[in-house]
Amino acid sequence: MVTTAGIKTQRPKKAVGTGNNIMTRTFPLDKLRNIGIIAHIDAGKTTVTERILFYTGRTYKVGEVDEGTAVMDWMAQERERGITITAAATTCHWQEHRINIIDTPGHVDFTAEVERSLRVLDGGVVVLDAVAGVEAQSETVWRQADRYGVPRICFINKMDRVGADFQHTVSMIEERLRAKAIPLQMPWGEESQFKGVIDLVGNRAWLFSDDVNAPRVESPIPEEKREEVDSQRQSLIEQLAENDDQLMLLYVEGGEIQSSQIKAAIRRLTSANRIVPVLCGSALKNKGIQTLLDAIVDYLPSPLDVPPVNVIDLQTGEANVRQTSDEAPFSALAFKVVADPFMGRLVYFRVYSGKIKAGMQVLNSSKGRKERLGRLILMHANRREEIEETDTGSIAATLGLKDTFTGDTLCDPAHPVLLEAIRFPEPVLSMVVEPKSKADQDKLGEAMNKLSEEDPTFKVRTDKETGQTLISGMGELHLEVLIDRMLREFNVKVNVGKPQVAYKETITVPAEIEGRFIRQFGGRGQYGHVWLRLEPVERGSGFRFVDRIRGGDVPKEYIPAVEAGVREALETGVVAGYPIVDIKATLFDGSFHEVDSSELAFKMAGSIALKDGVRKANPVLLEPIMKLEVVMPAEFLGDVIGDLNSKRGHVEGIETHGETSVVHALVPLAETFGYATILRSLSQGRATYSLEFNCYRELPASLAGQIEVKVRGK
């Protein structure tokens, strides 16, 4: 950075370290930032990331999403559709800090990419649209970040657009996200007149040009804004002092508080997740990106600023922590698997402690297997740089791990630990796929296997009654992209059926049931006998198996077989063949035969008991309910609400901002097919909407009967 006559220039420069040297410990841990760029679709995440790469010298030409030249959107489908589909990782440098960045998708169908990225990140930049404010998917990613305790800063993008409203968006952050938003900047100019930002912390202004190569200019604060800036800066200091004891002491003493002291307080509070700093700019017009980079290194935590990772010590079985240090034993979490067409199976991992070199042996403690690391790779979207070693805090990829999947723990074999795995939502939409030819049939299984390894929300199963292959995912776009990938990457041509709702089954009343599997084949027979108590549990709880056997009525070695039989029976329900969920099965009695009992017999007995018990426990169908947000001109509000009512929708709230209305509703997934076309006709093409999964609810009896008849008639 060069300073002359009040002008600070951040020109693109050569990246610090390349090839084998980029990941050596040239940066202390406190100079490392692992961040994610997260937001609602079309808020401008990838555009922000592309500008960050340019200004840090990682790239020498600005990639544009609309032109299909974005570095981080490297898949053909991403460039064609102008959206991010898969999380892409890269590394860049700013002010002697190393920043590892993961650019995540904004579309709800690819929420798993956000989930696994947030699990391994130390901080996040939430990009918001200055016109739309906090949108539906913004709330979803915010809740995901809350779940993993990820500190965040907000960047209000698109300040140059007509209708941009900085203060309204800050208010929405506080109201809809329930966060303590602290603006660190004020916009300089509005809409088309937006030209820069006023830095409340540094008490200065920054002027930007539309030209990406032009330097940013430090300028005195305009006189017409001086009074407002002083008021806002005083408010900033007071809010920080209310939450930070060190700054409160300085404030009470009445002396002048320096910018460095304000920065230190913001950093402490942000790392503790007590405040959310808010900045603004326009990524497309190259405004505010350098100040965002300053905020990333100044306010977001390093691996040393977040608590040490929680682990289960497999030698003692006790909960513990693994210190964030190169000197500690190696531990890492595999968070992404990619079938790279050129290199093979790549496993991305985040190192929480220790160091590791290429070729070393590690323990996959989730599977209980030792594996040897192949080459170590530093990823820059789909480009690769080979490295010899990776250390604490790093995000890297490796070849050679055949049995490692998303969420598995990799660790030092001499100090085995287990990290918390990653939880993913269940798919809500299914469709039938059939190979077009015999040659495609042979390749289809391999393609689906590799895609399901990459994407934990992509499920494949075979319908036992029809023999059809069913694929399930998070939405129409999700499945459409996966089928497109089958054709492009694996050269598999398939016929695709219409999308089908992924219904579930559950029980509504408790039941006790006996399961007996007794067969005699002349010689040794089969004998398995169990009693199960089935109970409904809270929606979304899944399945629980409880062992209440006392006195050895069922030998301990057969109890896992009973559970396996029950789990297998859950895959196909008794109402319409859909999976059974939200049920607790308690094994409380049974009997065995000293000669004829076997694991197979008890597995069958458990399966029989589960099926018979579910029939007795008043089973019902559950349907996925989607959270719908519709944004439209107020004149179309009545028509949209009337249509939602006809779709069994429940309107939860209506917001009005000037001439724009926003409807929040819950709608069954089955009623949303083709909604884009319907909404266009209702609003003359002027309304937009977003959908995300909310919960499963009981399907009305009349509709459940229709589905049962339809399934039975196949």
Side-chain angles (χ1 to χ4, degrees), residues 1-11 51 55 128 130-131 133 153-171 173-174 181-242 247 250-251 253-266 275 277-295 298-299 658:
M1 182 176 286
V2 181
T3 306
T4 55
I7 297 177
K8 292 194 175 180
T9 307
Q10 187 66 49
R11 296 190 184 280
R51 267 45 178 195
Y55 284 115
L128 300 170
V131 180
I153 59 179
C154 286
F155 180 72
I156 300 178
N157 192 26
K158 305 186 180 183
M159 287 300 304
D160 59 311
R161 284 185 59 200
V162 175
D165 191 331
F166 179 75
Q167 287 301 332
H168 175 64
T169 305
V170 172
S171 300
I173 294 170
E174 294 185 329
I182 306 288
L184 306 186
Q185 297 175 346
M186 288 171 50
W188 186 359
E190 296 178 352
E191 299 179 348
S192 61
Q193 301 302 310
F194 176 69
K195 55 187 175 183
V197 298
I198 297 171
D199 178 6
L200 298 176
V201 177
N203 208 13
R204 58 189 171 179
W206 288 105
L207 185 65
F208 300 96
S209 166
D210 287 359
D211 181 1
V212 71
N213 291 299
R216 57 172 172 170
V217 178
E218 184 176 343
S219 168
I221 293 171
E223 282 304 317
E224 68 273 14
K225 286 191 171 288
R226 170 52 68 184
E227 186 177 338
E228 183 185 2
V229 170
D230 289 344
S231 172
Q232 292 283 353
R233 190 171 194 269
Q234 184 63 25
S235 174
L236 166 66
I237 293 171
E238 289 173 0
Q239 289 183 77
L240 294 173
E242 286 175 11
L247 197 67
L250 295 170
Y251 183 73
E253 289 171 0
E256 184 179 349
I257 298 176
Q258 302 298 318
S259 296
S260 59
Q261 295 167 324
I262 298 174
K263 281 185 177 181
I266 295 170
I275 66 167
V278 182
L279 300 93
C280 63
S282 170
L284 189 64
K285 297 295 178 65
N286 313 305
K287 294 178 169 67
I289 301 302
Q290 296 101 319
T291 51
L292 172 61
L293 280 162
D294 293 341
D298 287 341
Y299 307 130

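The structure presented is a predicted model; accordingly, all values stated were derived computationally and were not measured. When reading the values below, keep in mind they use all heavy atoms of this one structure, side chains included, and skip hydrogens, waters and symmetry mates.
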Exercise for the section: Look up atom CG in N157 and atom CG in L284, then write down how far apart they are to the nearest 0.5 Å. Expected result: 8.5 Å
Problem - Sub-4.5 Å side-chain heavy-atom contact between K158 and V131 - result: no
Completion exercise
The salt bridge (Lys or Arg N to Asp or Glu O under 4.0 Å) partners of D298 (sequence neighbours excluded) come to K263
Exercise for the section: State the CD-CD1 distance between E242 and I237, to the nearest 0.5 angstrom. Expected result: 12.5 Å
Exercise for the section: Count the heavy atoms of every other residue, nucleotide or ligand shown that sit under 6.0 Å from CD of E227, and state whether that count exceeds 12. Expected result: no
Exercise for the section: Measure the shortest side-chain to side-chain distance between R216 and L207 over non-hydrogen atoms and say whether it is less than 4.5 angstrom. Expected result: no
Practice task
Grab the two heavy atoms, one from A214 and one from S209, that are nearest each other, plus how far apart they are.
Solution key: CB-CB, 3.7 Å
Less than 3.5 Å apart, which donor and acceptor atoms pair up between the side chains of residues 193-202 and the rest of the protein, not counting sequence neighbours?
residue : atom : partner : partner atom : Å
D199    : OD1  : V201    : N            : 3.0
D199    : OD1  : G202    : N            : 3.1
D199    : OD2  : G202    : N            : 3.4
D199    : OD2  : R204    : NE           : 3.3

Exercise for the section: Could you tell me whether a side-chain N or O of R226 sits under 3.5 Å from a main-chain N or O of I221, the two making a donor and an acceptor? Expected result: no
Exercise for the section: Work out which heavy atom in N286 is nearest to a heavy atom in Y55; give both atom names and the distance. Expected result: CB-OH, 3.4 Å
Problem - CD on E256 to CD on Q261, rounded to 0.5 Å - result: 9.0 Å
Handout entry: Side-chain heavy-atom pair P183, F166 within 4.5 angstrom cut-off
Key = yes
Problem - Least distance between heavy atoms, M159 atom then S282 atom - result: N-CB, 4.3 Å
Handout entry: Side chain proximity check, I257 to L247, heavy atoms < 4.5 angstrom
Key = yes
Completion exercise
dist S231:OG -> L236:CG (nearest 0.5 Å) comes out at 11.0 Å
Practice task
Kindly determine whether E191 and D160 satisfy side-chain contact (heavy atoms from CB on, under 4.5 Å), including the steps that lead there.
Solution key: CA-CA 4 Å; E191 299 179 348; D160 59 311; over 6 Å; no
Exercise for the section: May I ask you to test the Q290-F208 pair for a side-chain heavy-atom distance under 4.5 Å? Expected result: yes
Practice task
Heavy atoms only: give me the nearest W188-A205 pair and the separation to one decimal.
Solution key: CZ3-CB, 3.7 Å
Problem - Y299 vs I275 side-chain heavy atoms within contact, under 4.5 Å - result: no
Problem - Euclidean distance, L292 CG relative to K287 NZ, rounded to 0.5 Å - result: 15.5 Å
Problem - Spacing of CD1 belonging to I182 relative to CG belonging to L279, to within rounding of 0.5 Å - result: 12.0 Å
Handout entry: Atom of A130, atom of T169 and distance for their closest heavy-atom approach
Key = O-OG1, 3.4 Å
Exercise for the section: Report yes if the side chains of W206 and S219 come closer than 4.5 Å at any heavy-atom pair, otherwise no. Expected result: no
Exercise for the section: Count the heavy atoms of every other residue, nucleotide or ligand shown that sit under 6.0 Å from CD of E190, and state whether that count exceeds 12. Expected result: no
Exercise for the section: Could you tell me whether the side chain of L128 reaches within less than 4.5 Å of the side chain of V278, counting heavy atoms only? Expected result: no
